[in-house]
Each structure stands twice: as structure tokens, then as C-alpha cells.
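Please read the structure below before turning to the comments.
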Amino acid sequence: MPELPEVETVRRGLAPAMDGARFAAVEQRRPDLRFPFPARFRERLVGHTITSFHRRAKYLVAGLSSGEALIMHLGMSGRFSVVRPGEEPPERQAHDHVIFTMSNDFSVIYNDPRRFGFMDIVDDGNGDICRHLSGLGIEPLGNQLSGPELARLLAEKKTPLKSALLDQRLIAGLGNIYVCEALFRAGLHPTRQSGSLRSDEADRLATCIRDVLTEAIESGGSTLKDYARTDGTLGYFQHAFRVYDREGAKCSTSGCQGHVTRIVQAGRSTFFCPQCQPENHR
DNA sequence: CTTACGGCCTGTACGC
DNA sequence: TGCGTACAGGCCGTAA
């Protein structure tokens, strides 16, 4: 499900249940997701308290009173749901893989049909130097993402702009949807060579990336097939998509006669308006 | 070093 | 209705 806005929405939904709470019980219902669970997964959680709970890119990081950190990633189809104290726990669903019962009587269920997500426990308490997070690029909503910084990251790169924005080592947290939307807003063609950006274009792109992510978080993320917030309600930013999954639709820019076009880059769909995102820039 | 591609899994939508 | 195919929000390992 998750790009940065969806993971941030999940973090906010999980925080009341998990942040500051102690693991009372952990039910791990299969040996692996994308990767095997770490050794003694249950034992390293039960009895320990979550002392910090944050998001880095598309990862959730729970710092533990043991000094370790629980890292969680939702892959493509991962979904958390929160059961509030006193609420009747739902019946086990197919693909419910992990159930956390917390000391505050909340419980948290992790469901992931495709099992591209994973959970790991690392010995770095804030997770920054673990193998999952150490190679990540800048947070797009942090202070580091400016036009000049973006221009610096993309300079000299021959890879298409779209591929560069999907590269988590440069900017961490964008996925296919928000890259398409940001490029549309910035009026930049997805196949443009990254290093060809002028400084005014980099400024525009940086602004558009921040704006689209911020707006998406405010909308509770985007709901496509299976994404829901932790309380089961749906995000609604998908109604604000201007190009993603809108192949053939008339461009939403007023006065533009263009139509949304789909191409495939690096095996993934790219949606854009050929009129608003001209290939030949001046 | 960089970039491209297949693979991991399951579910769903669509064409015949 | 049933079957086959394509495709899906991510990431990693390998190959070129």
C-alpha cells in the first residue's frame, strides 16, 4: 500500500496504541514475511516498552526500552489495524500475520496478503545505522529538500527523472504515485535526463514534491485497492490524482487539450500529460 | 561505479 | 462460469 503519506498516516494511527506502551503479548503466526522474522522475535519484544515511535521514509521505527529497535515495513500490501481497549477483537482474517497486545489494552493486527512487508529488530536504538535505513536519502518533508539540494542530487545523472525520484538512496519515501503527481505539477517530462534540470526547474520540483506529500497526508493518504487507515477508514487523496491511473483522461489543467498518457519506465507505469510536461524544454 | 531486470507473493480485473 | 493473462503502492540481488 504504502508510500510516504500512507506510512505517515499509519504511524499516526498506531501511535496511541504503541508509543509509550509495553508489549504484553506478541503472536507471530508464520515464520517469515518477505524475510524470516529475526531470532527470538517475541522474546525481544514482550516486556519491553516503546520509548520512541517514528517514521523514516516508508519504514516505521519503534525504539525499545531494551535499546533495540523494531523496524516495520509494509511492502505493497501490508496493513495495520488497531483494536481499542474494550473493543471486540475481530475474527482472525486470512493473512493476519502478527498480533501485538499492548499493556494499555490496545491491540494491533498486521495483515499482508503479498508478504512483501517485513519486521526486523535491530540493535541500534533509533535505527538510523541499521542496514535498512543507513543507505536512505533525504526525507522529502524535512528541511534538507530544497531546490539547490535536489539539483545537487540529480546533477550529472543520466537516469530518467522518474527513476531518480524513485531511487530511495536520493530521496526516501516517494513511490510510483507521488512521483507521477509531483512531475505533473512541476511540468516536467518523466523521461528527462535528471542532470538536465535547470535550477528553476529543480526549485519547482522540490516545491511540488513537498506540496503533494503534505496534501496527501492531510487527506489520510490514498486508497487504491487495499489501503486503509488503522481505524479502517479510507484515505481519500486518490480523488486528487491528476495523472496517476488516469490513462486517456483529458488533462485536468484548465485550457489544456492534452490527454493523460501511460508509458512504462523500468517496468513500472508512468502517467503524464504530454502537453503540460513537454519533452523538449527551453 | 551505474542502470535494468527478474523475482518475491497474492488478489483482482479483464478478455475470451 | 471458468480460465488465462496482465498488472498492482516496494525492494533486493544479480547481471550487464
Side-chain angles (χ1 to χ4, degrees), chain A residues 1-11 29-37 55-60 71-80 93-98 110-120 130-137 140 153-183 190-195 209 212-213 216-217 219-229 234-248 262-271:
Chain A
M1 86 177 151
E3 298 186 30
L4 186 154
E6 291 74 38
V7 178
E8 177 59 24
T9 301
V10 168
R11 187 195 67 77
R29 306 186 70 218
R30 54 172 299 126
D32 57 359
L33 295 171
R34 178 183 181 140
F35 308 118
F37 282 89
R55 176 192 60 73
R56 171 78 170 102
K58 304 174 194 173
Y59 297 81
L60 293 169
I71 310 270
M72 299 180 282
H73 193 288
L74 299 156
M76 293 276 252
S77 58
R79 178 170 170 172
F80 281 100
Q93 304 292 311
H95 313 300
D96 280 354
H97 303 310
V98 180
Y110 180 69
N111 181 289
D112 187 356
R114 292 174 73 180
R115 303 203 304 274
F116 283 4
F118 66 86
M119 295 189 189
D120 196 7
C130 75
R131 63 192 180 92
H132 305 295
L133 307 185
S134 60
L136 292 175
L153 289 170
L154 299 177
E156 319 259 313
K157 286 218 172 298
K158 292 179 180 158
T159 184
L161 205 39
K162 196 245 186 168
S163 308
L165 295 182
L166 281 176
D167 185 343
Q168 304 297 301
R169 297 167 301 183
L170 302 178
I171 301 176
L174 296 175
N176 207 33
I177 293 176
Y178 296 105
V179 166
C180 292
E181 294 296 316
L183 287 173
T191 67
R192 274 274 297 273
Q193 193 171 303
S194 301
I209 288 170
V212 72
L213 294 177
I217 291 170
S219 298
S222 302
T223 303
L224 273 81
K225 295 189 171 68
D226 51 8
Y227 169 71
R229 287 135 108 169
L234 304 177
Y236 48 89
F237 189 73
Q238 67 278 10
H239 303 301
F241 290 168
R242 312 238 349 235
V243 289
Y244 182 79
D245 202 23
R246 302 192 65 217
E247 182 179 15
R262 185 180 86 101
I263 58 174
V264 174
Q265 293 180 274
R268 319 228 12 220
S269 292
T270 301
F271 301 90

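In what follows, every heavy atom counts, from backbone to side chain, and hydrogens, waters and symmetry copies are set aside.
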C:dC11 phosphate, OP1 or OP2, under 4.0 Å from A:His73 side-chain N/O: yes
Side-chain N,O (A:Ser269) to OP1/OP2 (C:dC7) below 4.0 Å: no
Parallel, tilted or perpendicular: ring planes of A:Phe237 versus A:Tyr178, cut at 30 and 60 degrees: tilted
Interatomic distance where CG belongs to A:Asp245 and P belongs to B:dC14 [whole Å]: 11 Å
Paired nucleotide for C:dA6 [Watson-Crick or G-U wobble; both distances under 3.5 Å]: B:dT12
B:dG7 and C:dT5, which share atom name P, separated by this distance in whole Å: 16 Å
Gap between atoms CG and P, on A:Asp112 and C:dA8 respectively (whole Å): 18 Å
Phosphate OP1/OP2 of C:dG10 contacted by A:Tyr59 side-chain N/O (<4.0 Å): no
Residue pair A:Gly221 / A:Thr9: nearest heavy atoms and the distance that separates them: N-OG1, 3.8 Å
A:Leu213 CG to C:dG9 P, straight-line distance once rounded to whole Å: 16 Å
P-based separation of B:dT12 from C:dC11 [nearest Å]: 23 Å
Whole angstrom value for the distance that separates P of C:dC11 from CD of A:Glu3: 9 Å
Any donor-acceptor pair under 3.5 Å from A:Glu3 side chain to A:Lys58 backbone: no
Nucleotide opposite B:dT2 in a Watson-Crick or G-U pair, distances under 3.5 Å: C:dA16
Base-contact (B) and sugar-phosphate-only (S) positions in nucleotides 3-8 of chain B, heavy-atom cut-off under 4.0 Å, - elsewhere: S---BB
Sugar-phosphate, base or nothing in reach of A:Tyr244, heavy atoms under 4.0 Å: sugar-phosphate
Given DNA chain C, 5'-ward residue of the pair A:Phe118 and A:Phe271, judged by closest heavy atom: A:Phe271
P atoms of B:dC9 and C:dT14, separation to the nearest Å: 16 Å
Atom-pair distance (CD on A:Glu181; C1' on C:dG9), nearest Å: 13 Å
Spacing of A:Arg246 atom CZ relative to C:dG9 atom P, expressed in whole Å: 17 Å
Close side-chain approach of A:Ile217 to A:Leu4, heavy-atom, < 4.5 Å: yes
Closest non-hydrogen atom pair, A:Pro140 against A:Ile209: CB-CG2, 4.0 Å
Rounded distance in Å - CD1 (A:Ile71) to P (C:dC11): 13 Å
Closest contact, heavy atoms only, A:Leu74 versus A:Asp112: O-OD2, 4.1 Å
Proximal nucleotide (of B:dG11, C:dG10, C:dC12) relative to the A:His95 side chain: B:dG11
Plane angle bin for A:Tyr110 and A:Phe80 - parallel if under 30°, tilted between 30 and 60°, otherwise perpendicular: tilted
Length of the CG-C1' vector between A:Asn111 and B:dG11, whole Å: 12 Å
side-chain N/O A:Arg268 vs C:dG10 OP1/OP2, d < 4.0 Å: yes
Nearest heavy atoms of A:Cys130 and A:Ile71, plus distance in Å: SG-CD1, 4.0 Å
